[in-house]
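Notes follow once the structure below has been shown.
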Amino acid sequence: MIPEGRVTTYGAIADFLSLGSARMVGWALNKCGNTDLPIPAHRVLNRLGELSGRAAFKPPSAMQTLLEKEGIIVENNRVKHFKDVFWHPENLLKDA
DNA sequence: CCTATGACGCCGG
DNA sequence: GCCGGCGCCATAG
């Protein structure tokens, strides 16, 4: 559900969905990566805007590539204008 | 059954 | 503002 060109964090998702811990988000995404679900996991970063999960992608560089394809600048495994492209799940409510 | 680990984050010093 | 410690839920050994 994360809009293209935008990214969010494990914490934001965990908090918004009351998952109880950011670890669950990583765990869920890892599982989703094992399915055919079209989950844009590459848009999920840690609280520092780092591509912490890039290792879970087929080519670890895929995460960065996908982000850059959406116009997100990634530098040294980190989103450059992170605070600018950061997207909080609560924005879903605004759209709805 | 208990311990260790993981795509993480917050609190206290 | 940096560093260390603790929590959190699920899975694996």
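Just so it is clear: chains get the letters A, B, ... in the order the sequence lines come, proteins before strands, and each one is counted from 1.
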Q. If we take the C1' atom in both dA7(B) and dC2(C), what is their distance in whole Å?
A. 25 Å

Q) What's the shortest heavy-atom distance between Y10(A) and A22(A), and which atoms? A) CB-CB, 3.9 Å

Q | Salt bridge present between E70(A) and R43(A) (N-O < 4.0 angstrom) | A | yes

Q. Checking side-chain contact (heavy atoms from CB on, under 4.5 Å) for the pair V7(A)/W87(A): CA distance, chi angles, key distance, verdict?
A. CA-CA 6 Å; V7(A) 296; W87(A) 175 84; over 6 Å; no

**Q.** Rounded distance [0.5 Å steps], CE in M63(A) versus CG in L51(A)
**A.** 4.0 Å

Q. Between which nucleotides of DNA chain B, read 5' to 3', does contact with chain A run, using atoms under 4.0 Å from its heavy atoms?
A. dG6(B) to dC10(B)

Q. How long is the gap from NE2 on H88(A) to CZ on R6(A), to the nearest 0.5 Å?
A. 13.5 Å

Q) For the atom pair CZ (F82(A)) and CD1 (I73(A)), what is the distance rounded to the nearest 0.5 Å? A) 15.0 Å

Q) Say you draw a straight line from CH2 of W27(A) to CE of M24(A); how long is it, rounded to the nearest 0.5 Å? A) 4.5 Å

Q: May I ask you to list the residues of residues 53-78 of chain A, by number, that have any heavy atom positioned under 4.0 Å from an atom of DNA chain B?
A: G53(A), F57(A)

**Q.** Distance, nearest 0.5 Å, that separates CG of N91(A) from CD1 of I2(A)
**A.** 11.5 Å

Q: Classify the side-chain pair Q64(A)/H42(A) by whether it contains a donor and acceptor separated by less than 3.5 Å.
A: no

Q) Which of residues 23-45 of chain A have a heavy atom under 4.0 Å from DNA chain B? A) R23(A), G26(A), L29(A), N30(A), A41(A)

Q) To the nearest 0.5 Å, how far apart are CG in L45(A) and CG in N77(A)? A) 11.0 Å

